[in-house]
Every structure is written in structure tokens, then in C-alpha cells.
Amino acid sequence: MVKRNLGPSTRSIYLGLACLSLALHLLLAIFCLSVLQTTCVLPTSSSSSIPRTDTHHNESASHSTSSSTASSSNKLPARTHSEEQHSPTANTLHHKAQDSIGEVTEKANKLTGAGKAIQNVKGQSKLEALFEHPLYNLPGPELQTDDWLLRVKTDEDAKDVGSEEGESEEIITSDSEWQSASEEDGYDKVSWTRDVETHPPWLRFHLGISRWELYNRKDPNLARLTHYLATQRILGAVQKTGGTQLKLLISFPNHGQALLKPMKQSRDAETDVNLFYFSDFERHNAEIAAFHLDRLLGFNRIPPVVGRLINVTADIREKTTDHKVSRTFFTSPAGNVCFYGQCEYYCSTEHPVCGRPHMLEVSLAAMLPDLSLAPRRSWRSPWRRSYSRTKLAEWEKNPNYCDTVKQTPPYSQGTRLVDLIDMVILDFLMSNMDRHHYETFEKFGNETFLLHLDHGRAFGRHSQDEPSILAPLQQCCRIRRSTLLRLRLLLLPDFRLSDVMRESLAQDPLAAVAPLLSEPHLSALDRRLAAVLQVVQICQEKHKDVIYDDVERYDQDSSDTAV
């Protein structure tokens with residue numbers, strides 16, 4: 001064997017290469033650490049297609065996909081030429097956010113008190129931690145007698161009425177029973193007194209409506225009401241008049257009612273991009289998801305909605321007295337029991353509602369008090385769409401449209417404008433373009449909340465956002481401070497909107513069949529939430545009077561009570 005001697009020059013070369021290799025490894029390690037720290041600043045989406053159960057694993061997965069999710073937000077389509085000049089497009093919002101992402105995160109942590117909250121989130125569900133946060137427990141105004149929509153008359157009220165009418169009949173006492181005037185077969189005999197414990201859940205819900213919210217999130221009756229809707233025996237079913245698509249009015253033995261919307265397409269089906277918003281199907285799971293989202297945003301303005309499996313034959317065909325419904329039943333070639341009713345759109349043999357073969361998924365929404373007891377006023381939305389395939393509405397052509405709205409009652413005073421913008425944010429998050437009217441209870445005048453009703457056309461597309469829904473926020477640059485703080489809180493990793501939404505929807509009975517929203521829809525919530533905050537940030541850069549401060553004492557109170 002020939003012995004090879006390495007000269008001084010060769011050793012120098014080998015030593016230099018070793019040093020170079022070591023230096024490259026150190027640089028690579030430093031670069032990786034900086035990338036990990038950057039992606040941990042503000043994950044804007046949770047785009048994993050697998051339901052997350054482990055918290056640590058979830059955060060890692062969402063961090064690794066935050067860049068790709070953020071880049072997908074530039075899919076927001078541009079609108080008219082005038083909007084391109086005056087309104088921020090999706091690309092503009094995206095680039096603005098990239099420049100100030102760290103600043104927004106720091107501000108969110110500071111203003112929401114989340115820095116202290118994160119320590120207590122560990123070992124606790126995100127949903128529980130969210131509802132324990134001070135922002136979801138802000139003290140409301142003290143309710144007066146006139147702040148309740150309905151109330152049970154006291155003995156003094158009954159005496160006053162009796163004396164005014166000159167009646168000599170025996171006065172109803174607090175332990176007397178309310179006798180039902182209905183003698184129809186199947187209804188329970190009414191045995192309610194003024195004691196709230198004797199009231200069925202639907203009546204407690206009606207008596208709990210106040211000037212400022214439809215229900216109190218902490219009211220234990222909320223769980224009783226959803227359980228009641230999901231389990232109560234169905235006594236009757238008739239088609240509800242009005243509207244463009246099929247829906248039924250369901251009756252229960254204890255005189256309660258619910259609004260039923262049937263399943264017409266699978267959860268994973270995405271609305272065709274060539275379909276106009278007013279031609280879209282209504283979705284039962286969209287109604288359920290809208291109720292949960294409204295509650296997570298802290299609005300409490302959508303009547304409780306729950307999912308349920310019903311038997312088309314036993315619960316509808318054999319119970320209905322509505323000939324418009326009963327004569328449209330048929331058995332499909334696949335052996336499924338179907339019906340289609342009568343309505344303006346999609347009520348035909350080409351668009352039937354079918355069981356499998358008898359079982360059908362539906363949403364059941366708690367009914368509001370009868371209009372004879374609690375009249376409601378319908379308001380035309382200033383940002384109503386034209387519902388035309390060719391014409392644009394005025395707000396789509398005039399970037400200064402909000403200046404006119406601000407000078408028009410009821411938007412010229414009070415909280416009506418920021419109430420409307422709350423509703424706009426809700427609609428954008430779930431991509432609901434079908435908001436032509438909204439309602440309020442007449443008793444409360446203009447000093448009250450807006451009812452958020454009818455969300456069947458929401459959650460149609462997860463791969464595309466509709467920035468025109470945010471036109472009121474973009475044009476008016478006005479938002480309620482409590483709403484903004486909660487939005488910032490829901491953007492943080494420990495209170496991520498997609499995660500708390502997934503956890504909340506898992507409580508619905510239909511979640512046992514399949515998740516109410518697919519993972520792409522949940523990811524879209526995070527993406528759209530970031531877009532809303534980008535619009536607010538742009539507004540704050542251009543205007544001073546953006547925030548309507550409805551929680552002036554929050555900073556002081558949160559320093560003492562932040563979890």
C-alpha cells in the first residue's frame with residue numbers, strides 16, 4: 001500500500017472547508033430560529049383539514065400554515081372602478097397588514113388584557129376561557145321595567161286593569177293557573193303560574209328579551225331551550241308563508257313553535273362562482289353556525305338555533321294539515337321520501353327535500369313572540385343590494401354615500417350606525433350578501449339592538465371573500481369599541497375564532513353526524529377576521545373619530561379583573 005503524505009497546503013484546504021461548513025450550519029440555525037419567531041407573531045388562520053384535539057400540536061400546525069393562509073386573503077375580488085379608487089381592495093389590505101402585523105398583535109394583547117389571560121387558558125378549553133374574559137362580562141345598563149319586552153302582570157297590575165274596566169270578577173292571584181283557550185288534540189294542558197319554574201323554555205326565552213339583547217348568555221334557560229328544540233315531540237308542521245324558499249312552522253305540545261329549514265345540500269358543497277347571491281340555496285347548517293358565531297362575537301342578537309334529525313314521514317307527512325305541503329310528497333327513484341311544498345323559488349320536483357330514506361337533517365330556530373304581543377318594525381338597509389344582474393346600488397357607485405346616511409334618521413343619532421356595522425361584520429365573516437332588511441322591536445323605539453335574522457345563504461363559499469359586504473365599515477369608518485376589542489381578542493392564538501367556533505359547534509346534536517362547518521370554512525373565518533381589522537386600521541390611519549367608545553371604563557376595570 002502506498003502511503004500518501006498530505007502537504008501543508010492540502011491540510012489548509014481541508015481545515016478551511018471544515019470551518020466554512022461549520023459557519024454555514026450556524027447561519028442556517030440562526031435563520032431557522034428567526035423564521036420560527038416570525039411565524040409565531042400572529043397566525044391569521046387555521047387551515048388544517050384535520051380537526052384539532054391537541055392544543056400544542058394545533059398551535060404548531062397553525063403557525064406553519066399562517067404564511068400561506070395570509071397570502072390567500074388576496075383572493076378578495078375587486079369591485080367597480082370607483083371602488084378600486086376609493087375603497088381598499090383585498091391586496092391593499094393584505095399589504096397593509098404585512099407592514100403592521102406585529103403592531104396589531106401587540107395592541108390586541110394590551111387592549112384585551114390577553115397577556116394575563118394566556119396563563120389561565122392552559123388546561124381549559126378556549127371557549128370557556130373566552131367567555132370568562134372580562135370583555136364577555138362587561139356590566140350592562142341597569143334594566144328598568146320598560147326595558148323588558150314582555151312581563152307577567154303583578155297583582156297590582158291586575159287590580160288596576162280590573163278597576164279601570166269596572167270588572168267585579170275575582171282578581172287573578174300569583175299562584176293561579178293560566179288556562180289555555182286551545183282544546184286541540186295533542187296539546188298539553190297549561191298549568192303555568194307566575195312562578196318562572198312553571199314556564200316552558202320558549203316562554204322563559206320570550207320573557208328574557210330586553211332592550212339591549214335577545215338573551216343573556218349566562219341564562220341557564222339557554223341550554224334548556226336548545227335541548228327543548230332538539231328533543232320535543234313534534235305535534236304539527238305547516239309551511240310558513242313569505243320568503244323565497246321552503247321553510248316550515250313546527251308546533252310542540254306545550255304550545256311552543258320553531259322555524260324549520262331543511263338540508264338541501266351537503267356541508268362540503270360550495271356555491272358555484274357563477275351563481276348570483278340571490279339565486280343561492282339556503283343551508284340549514286348556515287342557520288346553526290350563524291347563531292354560534294353571533295354568540296361568540298358577543299352580540300346575542302340571533303334567536304337560538306339547533307340542529308336535529310327528523311323523520312320526514314312521521315314528523316311532517318303524517319302531522320301536517322297543510323295541503324300545500326302534503327300533496328307534494330313523493331318517493332324518489334332511490335326510494336327516499338321527498339317533498340317540495342310551494343314557494344317562489346326552488347319548490348319543484350327538480351329541487352326536492354329528501355330523507356335518507358326517511359331521516360332528514362334540519363335546523364330549528366326558536367320563534368320570537370307573536371307580532372300581536374311584540375310588534376316589530378322592518379327597516380330597509382341603506383346598503384341593500386340592487387338584486388339585479390346588471391344594475392348597481394347607489395352605495396356601490398358613490399364612495400361618499402355614508403355622508404348621506406349619517407345625516408338621515410335613525411343613523412344621525414344614537415347607536416344605530418354602529419349597530420348596523422356590527423351586523424355588517426357578522427355578515428362578512430360568514431359571507432352573507434343577502435341582508436336587504438333588518439328588524440327591531442317597536443316597543444323600544446330606536447334605542448335598542450338590531451335583530452339578526454335569516455342567514456340561510458351564509459357560508460356558501462369558503463375559498464372566496466366578498467369585500468363589498470364591508471362597504472359600510474369602509475365608507476363610514478366607525479365601529480363600537482367593545483366589538484373591536486373582541487375581534488382583536490379572537491385573532492389571538494389562545495382565542496382563535498376558528499378554534500372557539502369549532503368547539504362551540506361541536507355542542508350541537510348534528511355534530512355527531514358530521515361537523516357543522518368544514519375546516520375550509522373555519523379557516524375562512526380567521527382570514528376574514530384579519531381583513532376586518534385591516535379595514536379598521538386603515539380607517540384609523542385616515543380618520544380620528546373611528547371608535548365609538550361604549551366601554552370607557554374597560555382599561556381601568558381590566559387592569560383589576562383581567563384573567
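In what follows, every heavy atom counts, from backbone to side chain, and hydrogens, waters and symmetry copies are set aside. Note that this is a predicted model, so its numbers are computed, not measured.
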Kindly determine whether Ile469 and Met433 satisfy side-chain contact (heavy atoms from CB on, under 4.5 Å), including the steps that lead there. CA-CA 7 Å; Ile469 300 175; Met433 302 173 67; 3.8 Å; yes
Any luck finding a side-chain donor-acceptor pair between Asn254 and Tyr228 under 3.5 Å? yes
Start with the C-alpha gap between Tyr548 and Arg481, add the side-chain angles, then the distance that decides, and say whether side-chain contact (heavy atoms from CB on, under 4.5 Å) holds. CA-CA 6 Å; Tyr548 174 82; Arg481 185 167 183 242; over 6 Å; no
Between Ser498 and Asp526: side-chain donor-acceptor atoms closer than 3.5 Å: yes
Considering all heavy atoms of both residues, which atom of Leu127 and which atom of Ser504 are nearest to each other, and what is their separation? CD2-CA, 3.9 Å
Less than 4.0 angstrom from a charged side-chain N to a carboxylate O is my criterion; do Asp422 and Arg301 meet it? yes
To the closest 0.5 Å, what do you measure between CD1 (Ile250) and CG (Leu260)? 4.5 Å
Quick one: does any side-chain atom of Lys443 pair with a main-chain N or O of Trp148 as donor and acceptor, under 3.5 Å? yes
Under the 3.5 angstrom rule, does the side chain of Asp219 hit a backbone N or O of Leu222 as a donor-acceptor pair? no
Salt-bridge test for Lys126 and Asp499: reply yes if a basic N is under 4.0 Å from a carboxylate O, no otherwise. yes
Please tell me if the side chains of Lys319 and Leu235 come closer than 4.5 Å, counting only heavy atoms from C-beta onward. no
Would you check if Tyr136 and Arg486 make a side-chain contact, meaning some heavy-atom pair closer than 4.5 Å? yes
If you draw the axis of the six-membered ring of Trp379, does the NZ or CZ of Arg416 fall within 45° of it and under 6.0 Å from the ring centre? yes
What one should report as the nearest heavy-atom pair of Asp294 and Tyr215 is OD2-OH, 4.4 Å
Aromatic plane relationship, Tyr346 with His351 - under 30° parallel, 30 to 60° tilted, over 60° perpendicular: perpendicular
Does the side chain of His358 come under 3.5 Å of the side chain of Thr313 through a donor N or O and an acceptor N or O? yes
Looking at Ser363, is its backbone amide N or carbonyl O close enough to the side chain of Glu287 to form a donor-acceptor pair, meaning the two atoms are under 3.5 Å apart? no
Please evaluate residues Glu361 and Arg356 with respect to the criterion side-chain contact (heavy atoms from CB on, under 4.5 Å), reporting the C-alpha separation (whole Å), side-chain torsions for both, the decisive distance (0.1 Å), and the verdict. CA-CA 10 Å; Glu361 287 187 27; Arg356 297 186 181 178; over 6 Å; no
Euclidean distance, Arg283 CZ relative to Ile288 CD1, rounded to 0.5 Å: 13.0 Å
How close do Leu246 and Gly341 get, heavy atom to heavy atom, and via which atoms? CD1-CA, 4.2 Å
Parallel, tilted or perpendicular: rings of His521 and Phe459 (30°, 60°): perpendicular
Looking at Leu225 and Pro304, what are the two nearest heavy atoms and their distance? CD2-CG, 3.6 Å
More than 12 non-hydrogen atoms from neighbouring residues, nucleotides or ligands closer than 6.0 Å to NE2 on His436, yes or no? yes
Under the side-chain contact (heavy atoms from CB on, under 4.5 Å) rule, what do His255 and Trp202 come out as? Steps first, then yes or no, please. CA-CA 9 Å; His255 302 271; Trp202 66 265; 4.1 Å; yes
Is there a donor-acceptor pair closer than 3.5 Å between any side-chain N or O of Thr320 and the backbone N or O of Ala237? yes
Arg211 side chain to Glu447 main-chain N or O, any donor-acceptor pair under 3.5 Å? yes
Taking the side chain as everything from C-beta on, heavy atoms only, tell me whether Trp383 gets closer than 4.5 Å to Pro472. yes
Would one find more than 12 heavy atoms of other residues, nucleotides or ligands at under 6.0 Å from atom CD of Gln413? no
Is the backbone N or O of Gly307 less than 3.5 Å from a side-chain atom of Asp508, with the two atoms forming a donor-acceptor pair by type? yes
Nearest heavy-atom neighbours spanning Ile234 and Phe252: CG1-CE2, 4.1 Å
With a 4.0 Å cut-off on N to O distance, would you call Asp454 and Lys261 a salt bridge? yes
May I ask you to decide whether Glu439 forms a salt bridge with Arg376, counting only side-chain N to carboxylate O separations under 4.0 Å? yes
Evaluate whether atom NE2 of His437 has more than 12 neighbouring non-hydrogen atoms of other residues, nucleotides or ligands under 6.0 angstrom away. yes
Between CG on residue Leu149 and OG on residue Ser210, distance to nearest 0.5 Å: 9.0 Å
Is the shortest heavy-atom distance from the side chain of Pro369 to the side chain of Ile209 under 4.5 Å? yes
Inter-residue atom distance Leu485.CG - Leu135.CG, 0.5 Å rounding: 5.5 Å
Is there a donor-acceptor pair under 3.5 Å between the side chain of Thr198 and the backbone N or O of Asp195? yes
A side-chain contact here means heavy atoms from C-beta on lying under 4.5 Å apart; do Lys247 and Leu259 qualify? yes
Any side-chain to backbone donor/acceptor pair from Arg295 onto Asn300? Under 3.5 Å, distance only. no
Are the side chains of Phe329 and Val337 in contact, using a 4.5 Å heavy-atom criterion? yes
Can any side-chain N or O of Asp268 pair as donor or acceptor with the backbone N or O of Ser518 at less than 3.5 Å? no
Interatomic distance, Leu248 atom CG to Asp315 atom CG [nearest 0.5 angstrom]: 11.0 Å
Check: His455 side chain, Asp427 main-chain N or O, donor-acceptor pair, under 3.5 Å: no
Contact between Ile479 and Val418 at the side-chain level, heavy atoms closer than 4.5 Å - yes or no? no
Whether over 12 other heavy atoms sit under 6.0 Å from Lys324 NZ: no
How close do Ser381 and Arg435 get, counting heavy atoms only, and between which atoms? CB-O, 3.8 Å
From CG (Leu510) to CG (Leu505), nearest 0.5 Å: 10.5 Å
Phe131 six-ring face occupied by Arg217 cation (under 6.0 Å, within 45°): yes
Quick one: which of Val305, Val306, Leu296 gives a side chain to side chain contact (heavy atoms under 4.5 Å, CB included) with Phe291? Val305
Arg480 with Asp419: basic N within carboxylate O range, under 4.0 Å: yes
